Amino acid sequence: MLIAASACAATAPAADTGARNVLFVGNSFTYYNNSLHNHYRALLRSALPEVAAAGRARIMTISGGQLPEHRAGLPAMLASENWDVVVLQGHSRGPIEPETAAAFRQAARDYAGLIRARGAEPVFFMTWAYTDKPEMTALLDAAYTGIGEELGARVVPVGLAFARATAERPDIALRTADARHPSLAGSYLAACTFFAALQGRSPQGIEYTAGLDLEVAAYLQQLAWQTVDDYSKHRADRG
């Protein structure tokens, strides 16, 4: 299945983002399972070795961290590298709780300015709903899409990919027993979604599977591309 899907990857749009150096800012949703950035890099090394060799990816995370808590450390991290993209991931409920939503939005505005001042692109990481709270998906979609549109920034719709996979393939556990944190399959789906968004091409056919069953990995690769493509079209129609 992975080999058959490689034709789709070969005909996907070529990357035009120049996203070689990527910084992921977030919390445990980013660093679980040996970290999202490592799976993203492994996908790059497998599919686009020249891009992987020319850049790097790092994370800056705080356990349980809210986006405003990165205010002190972010300037130093921005100065440490010529980043192409800086990914901003808030606490899973930060953008949607009345007591934290305003602070999330203000931090997003402030950080986008800092990131652009360094010549990098701010990108928002739309997180996923808890297993027992599927209604979070629509709220997170609205919050991240809203701040993305306000700031003219891209949003990577990982949460929509989770919702789609949960509906289509409930046999694939994307979250751990705590109903919140990503399983290995969840982190892999997130990495595939970032690959699709940041590289502008499908991850279908990539050999790196993070040790997942080949059929499961192929499904998650295809779903990631479909979700990014559908979300991009939806935003274009709204714009």
Side-chain angles (χ1 to χ4, degrees), residues 17-41 44 55-130 136 139-159 162 175-176 178 180-182 186-187 190-191 193-195 197-198:
T17 63
R20 287 175 169 78
N21 295 324
V22 182
L23 173 64
F24 291 86
V25 177
N27 58 28
S28 54
F29 276 24
T30 289
Y31 70 64
Y32 249 52
N33 303 304
N34 196 33
S35 186
L36 173 60
H37 82 294
N38 281 324
H39 295 292
Y40 171 75
R41 286 278 294 168
L44 272 183
R56 67 184 307 204
R58 293 187 69 188
I59 61 169
M60 184 175 76
T61 60
I62 299 172
S63 179
Q66 300 273 349
L67 193 62
E69 293 181 274
H70 291 285
R71 192 175 300 275
L74 183 59
M77 285 296 291
L78 293 177
S80 70
E81 183 73 60
N82 291 323
W83 302 108
D84 297 306
V85 165
V86 178
V87 175
L88 300 174
Q89 177 242 313
H91 186 273
S92 52
R93 298 196 68 89
I96 61 176
E97 292 290 348
E99 61 270 23
T100 56
F104 167 85
R105 290 193 295 272
Q106 190 57 54
R109 297 179 187 116
D110 294 344
Y111 295 175
L114 292 172
I115 291 164
R116 285 174 168 147
R118 298 290 308 187
E121 176 192 0
V123 171
F124 289 95
F125 177 169
M126 183 197 300
T127 56
W128 52 84
Y130 300 162
M136 287 174 63
L139 297 173
L140 288 164
D141 181 9
Y144 277 102
T145 299
I147 197 65
E149 289 179 347
E150 176 189 332
L151 299 175
R154 284 193 289 171
V155 177
V156 180
V158 178
F162 265 62
R175 304 162 187 83
T176 62
D178 70 3
R180 301 182 179 191
H181 288 93
S187 291
T193 308
F194 270 98
F195 178 93
L198 298 185

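By convention here, the first residue in the shown sequence is residue 1. What you are looking at is a predicted structure, and each value in this text was computed from that prediction instead of being measured.
- Taking the six-membered ring wherever Trp is involved, the centroid distance between the rings of Phe194 and Phe125 falls below 6.0 Å.
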What do the steps show when you test Arg93 against Tyr130 for side chain to side chain contact (heavy atoms under 4.5 Å, CB included), and what is the final call?
-> CA-CA 10 Å; Arg93 298 196 68 89; Tyr130 300 162; 3.5 Å; yes
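- Considering CZ of Arg41 and CG of Leu36, their distance stands at 13.0 Å, rounded to 0.5 Å.
- Side-chain atoms of Thr100 and Gln66, non-hydrogen and from C-beta on, do get closer than 4.5 Å to each other.
- A distance of 11.5 Å separates OG1 in Thr145 from CZ in Phe124, rounded to the nearest 0.5 Å.
- You'll find the side chain of Glu150 reaches within 4.5 Å of the side chain of Arg109, heavy atoms only.
- Within the 4.5 Å cutoff, side-chain heavy atoms of Val87 are placed close to those of Val22.
- For the pair Ser35 and Ile59, the minimum side-chain heavy-atom distance is below 4.5 Å.
- If you look at Tyr111 and His70, their ring centroids are not closer than 6.0 Å.
- For Asp110, the CG atom is densely surrounded, since the number of other residues' heavy atoms within 6.0 Å is greater than 12.
- Side-chain contact between Ile96 and Leu140 is present, with at least one heavy-atom pair separated by less than 4.5 Å.
- The nearest pair of heavy atoms linking Ala103 to Pro68 is O-CG, 3.6 Å.
- In this structure, Leu78 and Arg118 approach most closely via the heavy-atom pair O-NE, 3.7 Å.
- Aromatic rings from Phe24 and Phe29 are positioned such that their centres are separated by 6.0 Å or more.
- Between the His91 side chain and the Gly26 main chain, no donor and acceptor come within less than 3.5 Å of each other.
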Output, in order, the C-alpha distance, side-chain angles, deciding distance and verdict of side chain to side chain contact (heavy atoms under 4.5 Å, CB included) for Leu198 and Val85.
-> CA-CA 9 Å; Leu198 298 185; Val85 165; 4.2 Å; yes
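- Met136 and Ala129 get closest at one heavy-atom pair: CB-CB, 3.6 Å.
- At a threshold of 4.5 Å between non-hydrogen side-chain atoms, the residues Val25 and Leu74 count as touching.
- Atom CZ of Arg180 is surrounded by 12 or fewer heavy atoms from other residues, nucleotides or ligands within 6.0 Å.
- The nearest pair of heavy atoms linking Tyr144 to Gln89 is OH-C, 4.2 Å.
- A heavy-atom distance below 4.5 Å is found between the side chains of Arg175 and Phe162.
- Atom-to-atom distance recorded for Leu151:CG and Arg105:CZ is 11.0 Å, nearest 0.5 angstrom.
- Judged by distance alone, with hydrogens and angles left aside, the side-chain atoms of Asn27 form a donor-acceptor pair with the main-chain N or O of Gly65 at under 3.5 Å.
- Separation of atoms CD (Glu81) and CG (Asn21) is listed at 4.5 Å; rounding is to 0.5 Å.
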Residues Glu121, Asp84; criterion side chain to side chain contact (heavy atoms under 4.5 Å, CB included); working and verdict | CA-CA 6 Å; Glu121 176 192 0; Asp84 297 306; over 6 Å; no
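- Residue Pro182 comes nearest to Gly186 through the heavy atom pair CB-C, 4.1 Å, listed as atom of the first residue, atom of the second, then distance.
- One distance of note links OG of Ser63 with CD of Glu69; it measures 10.0 Å at 0.5 Å rounding.
- Closest approach of His181 to Tyr32, counting heavy atoms only: CB-CE2, 3.3 Å.
- Looking at Arg154, its side chain does come within 3.5 Å of a backbone N or O of Ala197 through a donor-acceptor pair.
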Should Arg58 and Met77 be marked as a side chain to side chain contact (heavy atoms under 4.5 Å, CB included) after you check the CA-CA gap, both sets of side-chain angles, and the distance that decides it?
-> CA-CA 10 Å; Arg58 293 187 69 188; Met77 285 296 291; 4.0 Å; yes
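- Side-chain atoms of Ile115 and Leu88, non-hydrogen and from C-beta on, do get closer than 4.5 Å to each other.
- For the atom pair Asn34 CG and Ser187 OG, the distance stands at 9.5 Å (nearest 0.5 Å).
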